[in-house]
Amino acid sequence: MAGVDDIRAITRTLPRAYEVVVRDRIKWRVGQIVFAALSRDEATMGFGYPKDGRDALVEAEPDKFLLPPPSDLRFNWACARLAALDPEELDELVVNAWIMTVPKKVWTAYLQDRR
């Protein structure tokens, strides 16, 4: 089961990433772009995800993933139930969402250092 502390541990290592609180919700940004956000009850996490793969993600594991609210469907965004994620899966989702927001030279250097 993943939680906010697990997300914080991951995002602390990501260059240019920082945490903010907006309307009682914790969000992680690069610049002004949000790449991950928690629901108010911290039960679900929204994260950057390509629109063209979002439906397949939700259909493959509907107990784990869900579509964002209708107002967010226009964005590259998906949601996950934190209780259903293991730490490795959470890491992959957060890092991949972050990759969508930073220049290639930043994420390639990060991934090389991580090995």
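For clarity, every value in this text was computed on a predicted model and none was experimentally measured.
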task = Calculate, to the nearest 0.5 Å, the distance between atoms CG and CD1 belonging to Asp5 and Ile10 respectively.
result = 11.0 Å

remark   = The residue among Trp28, Trp107, Tyr18, Tyr110 that forms ring-ring contact (aromatic ring centres under 6.0 Å, His included) with Trp98 is Tyr110

request  = Go through the structure and list residues passing side-chain contact (heavy atoms from CB on, under 4.5 Å) with Val58, not counting sequence neighbours.
outcome  = Phe65, Leu67

query = Of the non-hydrogen atoms in Arg40 and Asp24, which two are nearest, and what is the gap between them?
reply = CG-O, 4.0 Å

query = For Ala80 and Leu85, which heavy atoms make the closest approach, and how far apart are they?
reply = CB-CD1, 3.9 Å

note = Sorted by chain and number, sequence neighbours left out, side-chain contact (heavy atoms from CB on, under 4.5 Å) with Pro69 holds for Ser71, Asp72

Shortest non-hydrogen separation from Thr13 to Pro15 and the atoms involved = O-CD, 3.4 Å

query = Are Ile33 and Tyr49 co-members of a hydrophobic cluster defined by side-chain heavy atoms under 4.5 Å apart?
reply = no

ask   = What pair of heavy atoms forms the shortest contact from Arg29 to Val20, and how long is it?
value = NE-CG2, 3.8 Å

request  = Could you give me the CA-CA distance, side-chain angles and deciding distance for Asn96 and Phe47, then say whether side chain to side chain contact (heavy atoms under 4.5 Å, CB included) is met?
outcome  = CA-CA 9 Å; Asn96 286 339; Phe47 57 96; over 6 Å; no

inquiry  = side chain to side chain contact (heavy atoms under 4.5 Å, CB included), that's the test. Do Ile26 and Glu42 meet it? Break it down for me.
reply    = CA-CA 9 Å; Ile26 301 170; Glu42 297 181 3; 3.6 Å; yes

message = Is there a side-chain contact between Leu90 and Leu82 in this structure, where contact means two heavy atoms from C-beta onward sitting under 4.5 Å apart?
response = yes

query = In terms of hydrophobic clusters joined by side-chain contacts under 4.5 Å, are Val34 and Val95 together?
reply = no

ILVMFWY network linking Leu111 to Leu14, side-chain heavy atoms under 4.5 angstrom = yes

key: Gap between atom CZ of Arg25 and atom OG of Ser39 - 0.5 Å precision   = 7.0 Å

inquiry  = My understanding is that a hydrophobic cluster links ILVMFWY residues whose side chain heavy atoms are under 4.5 Å apart, including indirect links. Using that, what else belongs to the cluster containing Met100?
reply    = none

ask   = What is the minimum heavy-atom distance between Pro68 and Ala78, and which atoms define it?
value = CD-CA, 4.1 Å

message = Could you check whether any side-chain heavy atom of Thr11 comes within less than 4.5 Å of a side-chain heavy atom of Phe35, counting everything from C-beta outward?
response = yes

query = How long is the gap from CG on Asp6 to CE on Met45, to the nearest 0.5 Å?
reply = 10.5 Å

From CG (Leu57) to CG (Asp52), nearest 0.5 Å = 11.5 Å

ask   = About how many Å separate CZ of Arg81 and CG of Asp63, when rounded to the nearest 0.5 Å?
value = 7.0 Å

ask   = CZ of Arg74: more than 12 outside heavy atoms within 6.0 angstrom?
value = no

ask   = Of Arg8, Lys27, Arg12, which is the lone residue that meets salt bridge (Lys or Arg N to Asp or Glu O under 4.0 Å) with Glu19?
value = Arg8

ask   = Distance from Asn76 atom CG to Arg54 atom CZ, nearest 0.5 Å?
value = 7.5 Å

